[in-house]
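Report on the following structure.
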Amino acid sequence: MVSLLDIIGPVMVGPSGSHTAGACRIGLLARGLVRGTPESARVELHGSFARTGEGHGTDKAIAGGLLGFRPDDARIRDALDIAEREGLAYVFEKTT
């Protein structure tokens, strides 16, 4: 059986769902691996994440995931500021 979400997809924060939902899930996965919010994170962005990620919200989404936000959490838009307030040091590097 096909669900409606299989057709239209889940709710997610933009501006680009492909660059935020997946990136948020990567942040959530990393958070799970370290069992909570890390003190710091160095994130290497590859491919389209490196080329267009900042403009599409990838950096915010990864930080949001590291903070425990889900892909549909509106706080993703402010995740970089929230990360700084909560003491999560982060750096984003573009790689080839």
Side-chain angles (χ1 to χ4, degrees):
M1 173 177 276
V2 175
S3 79
L4 185 59
L5 288 179
D6 291 327
I7 298 168
I8 62 170
V11 174
M12 54 190 121
V13 174
S16 169
S18 63
H19 279 82
T20 56
C24 184
R25 288 187 177 115
I26 291 167
L28 284 166
L29 176 65
R31 176 185 170 85
L33 291 172
V34 300
R35 295 187 169 99
T37 303
E39 292 179 15
S40 64
R42 188 184 101 217
V43 181
E44 295 181 8
L45 300 173
H46 301 267
S48 66
F49 279 176
R51 287 189 301 276
T52 64
E54 188 175 318
H56 287 216
T58 299
D59 51 352
K60 296 173 185 176
I62 290 174
L66 291 171
L67 292 166
F69 302 168
R70 297 278 191 215
D72 63 345
D73 193 321
R75 294 178 296 173
I76 287 175
R77 292 182 180 101
D78 301 313
L80 299 178
D81 294 331
I82 295 169
E84 284 188 37
R85 282 197 308 267
E86 296 201 7
L88 168 58
Y90 57 85
V91 102
F92 292 92
E93 297 176 356
K94 296 178 183 181
T95 63
T96 56

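Sequential numbering from 1 along the given sequence is applied to the chain's residues.
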Quick one: CG on Leu33 to CG on Leu28, what's the gap to the nearest 0.5 Å?
11.0 Å
Least distance between heavy atoms, Thr20 atom then Ala61 atom:
O-CB, 3.3 Å
Hydrophobic cluster membership, with links at side-chain heavy-atom distances under 4.5 Å among I/L/V/M/F/W/Y: are Leu45 and Leu88 in one?
yes
Cys24 SG to Leu29 CG distance, which is reported to the nearest 0.5 Å:
11.5 Å
With a 4.5 Å limit on heavy-atom distance, are the side chains of Thr37 and Arg31 in contact?
yes
Quick check for you: to the nearest 0.5 Å, what is the distance between Ile76 atom CD1 and Asp73 atom CG?
6.0 Å
Write out all pairs satisfying ring pair (Phe, Tyr, Trp, His ring centres under 6.0 Å) with one or both partners inside residues 25-53, taking only residues at least two apart or from two chains.
His19-Phe49
Can you see which heavy atom on Ala41 is nearest to which on Leu66, and at what distance?
CB-CD1, 3.7 Å
Residue pairs passing the salt bridge (Lys or Arg N to Asp or Glu O under 4.0 Å) test where at least one lies in residues 84-94, sequence neighbours excluded
Arg42-Glu93
Taking only residues two or more places apart in sequence, or in another chain, which ones meet Leu80 in a side chain to side chain contact (heavy atoms under 4.5 Å, CB included)?
Asp59, Lys60, Ala63, Tyr90, Phe92
